[in-house]
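One structure is given below, encoded as C-alpha cells.
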There are 2 protein chains.
Amino acid sequence: MSSLSQKGEAAGGIQSLDTALRVLQTLGLAGKALSLSELSRLCDLPATKVHRYLASFSHSGLVVQNGRSGTYDLGQGAILLGLAALARHDFVNTTADALPGLAEETGLTALLCVWGNSGPTVVRWQRSTSLMVTSLGLGTTLPLLTSATGRVCLSYLPEVVTRHLVESELRRIKRNPNILDDMKASLTGVREFAVAVRERGFASVDGRFIPGLVAIAAPILDWQEQAQAVITLIGTDPRTIEPNSTAHQMLAEFCRAHSIVNQK
Amino acid sequence: MSSLSQKGEAAGGIQSLDTALRVLQTLGLAGKALSLSELSRLCDLPATKVHRYLASFSHSGLVVQNGRSGTYDLGQGAILLGLAALARHDFVNTTADALPGLAEETGLTALLCVWGNSGPTVVRWQRSTSLMVTSLGLGTTLPLLTSATGRVCLSYLPEVVTRHLVESELRRIKRNPNILDDMKASLTGVREFAVAVRERGFASVDGRFIPGLVAIAAPILDWQEQAQAVITLIGTDPRTIEPNSTAHQMLAEFCRAHSIVNQK
DNA sequence: AAATCTATTGCATATTATAAAATATTGATC
DNA sequence: GATCAATATTTTATAATATGCAATAGATTT
C-alpha cells in the first residue's frame, strides 16, 4: 500500500531502476562473467526479468555478452564510465570534506597529508574544539622517523621512494642517538619497524618527540596497497593512542571508508 | 501499436532503463558535474523524470549529488564499477603486476594509462625515488598533444577516437601558439607527427611542458596494432629520454613482452 | 524583502514492466 | 546422427508503476 514502506532508505527513485542497478552491481562484484541463470540466482530475481535488464545494459555498452557461452560481463562502457568518474574525482578534496567530521567525532585535531618531495606534507588540517598550540601549517613537512604520519609513509610506500629521506634522517639521528628510542637507528631497523606497522595498520607516537602531544596515523590505501594519503589524529591525552581506543576505531573506519578499494 | 516498430536496433530491453542509461552516459560524457536542468536539457527529457532517475542512481552510488550546489556527478560506485570492468581485462592485471619492477629497474616513475573519454587516464602508477608530481595521481587525464602519453595515444588509436580532443586542444593552443613548438598546430601537423611516432615506436617530451620533467611513452598493442594501454616513464634527467638509453630499451622490452599476451 | 530560478514532492492516469508459459537454441548422451 | 536436457529468448495478458502536470520548498539575486 504505502509507497515508502518497502525500504526506509530508498526514497524518490524508480523501483525497476533500483533493482536493475542491483543486478549491475552484482555482476561487478562477481569478478567474472556470469550466465543468466547464475546472475538471476545471485540477485534472487526471475531470469526473464534479469534478461530484460541485461538487454538494456547491452544497448548502452555497460554489459557485453560473450558470443559462444552466452555469459554476460561488464563491457567497455563500464570502463569508460569508471574512467570518467575517476578523472574528475579529486580524492584529496573528498577526503578533506570529511575531515571536520572526524575531528569533531574524536575531539582531536585531524591532519590530511600526502607524500611530497621532502616527505609527508600537510595539505589539510582540522583543529578540534580543544585548542592546541600548533606549528603545523599547510605545507609543513613532517619527519619520517619521528612522527606518526611519517612512520605510516615509511610502511606503506615503496622503499625506493623513502630511502633517500630515511638515510638523511638516520644521519641526523646518529648525532643525537637518544632521540629515537623505540626503533633501531639503521636501515634494517627501519624495515623491521615498517613490518610491525603494516601488521597493526597504524602508527603512533607518544609525547617523547613533541612533549605533551600524542598522535596516531593510518593510511588511505589505493589498490596497490600503497598510501595515497595519511590521516593523523593529534591530541594531548596519552590514552587516545592506546590500541582499541575509540579514536583508533574511528580513524580505522575513516580510512577504510575513503580507500578506493573498499567495496561491499 | 506494435511494440517493436519504434527502433529497429533496440530489441528486447526496457525502455525506462534505456533512457535512464542514456542519462547516465550523458553525465559521463559531460566531463563535469551538471545541474538537473542542464542534464535534462542535454538529454531532452523532462526534469522531473531525470530527477527520479538520478535518485535511483544515487541510491546505488553511481551518482552523487554535491551538497551545496545540488549538481550531480559520477560517484564512487562508478569508479568501482569501472575498476571492476578494467580488472576483467587480463592485460591490465598482468601489466600492472609488472609495473613496480619496471619502475625499480629504471629508477623512474612508471605510469599505466588507458584511453578514457577525456583522454589518456592514469590507471596505475608506480613512483620511484624522490620524484613526486603532486598533480599526478590515479585518474589524472593527460593532454593529447603535450604529453608523451598523449602523443602515443594520438599515434596508435583511430583518428575518430581522438579527433574530438585533438581539435579542442588545438583550439586551446592557437591562443598560446608558442607552447607547442615541436609540432605543427594543425590537424595535418598532428597526422605527420603521428606517423613519425609510429616509425620510432615511442614518443617523448622534454622539460618544455612541465619544467624539469621528462617522459617517454610507448604503447601496448593489441592484435590490430592499436594501443590498449600506454606505459610512460617519467624522470628528471634529460638523458633518459635520449634514444638508445637504457630506460628506452627497458620500456621497449616491457611493452613488447606485454603486447603479445591476451585473448583466450 | 520580493522575485526568480531551480530542485523536489504528490497524485491521477495510462503507459510499461512484469510473470508465466511457449519457443528457440545450445550442449550432451546414446 | 538423433534425442534429450538445460539454458536463453520471445510472446502475451494483466496490473503494477513510471509518468507528467502542478504545487511546494529552497536558494540566490535584485
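Quick note on labels: first sequence line is chain A, next is B, and so on, each numbered from 1.
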In whole Å, I'd like the distance from the [atom1] atom of [X] to the [atom2] atom of [N].
X	N	atom1	atom2	value
A:L45	C:dT18	CG	C1'	12 Å
B:Q15	D:dA18	CD	P	13 Å
B:L34	C:dA7	CG	P	10 Å
A:H51	C:dT23	NE2	C1'	13 Å
B:D18	C:dA17	CG	P	9 Å
A:F57	D:dT9	CZ	P	15 Å
B:Y53	D:dT17	OH	P	16 Å
A:I14	D:dT19	CD1	C1'	9 Å

If you count heavy atoms of other groups shown closer than 6.0 angstrom to CD of B:Q25, is the number above 12?
no

Hey, is the side chain of [X] poking within less than 4.0 Å of OP1 or OP2 on [N], counting only N and O atoms?
X	N	value
A:Q65	D:dT9	yes
B:Y72	C:dT6	no
B:T48	D:dC21	no
B:S16	D:dT19	no

For B:L138 and A:Q228, the nearest pair of non-hydrogen atoms, with its separation, is CD1-NE2, 3.5 Å

Mapping B:R52 and B:S35 onto DNA chain C by nearest heavy atom, which one lands closer to the 5' end?
B:S35

Look at the side chain of A:P46 and decide which nucleotide, out of D:dG20, D:dT9, C:dA19, has an atom nearest to it.
C:dA19

No-hydrogen, no-angle side-chain donor-acceptor test under 3.5 Å, B:S58 and B:Y72
no

Run the salt-bridge test on A:R41 and A:E38 with the 4.0 Å N-O cut-off and return the result as yes or no.
no

Flag, side chain of A:H89 to backbone of A:A85, donor-acceptor distance under 3.5 Å
no

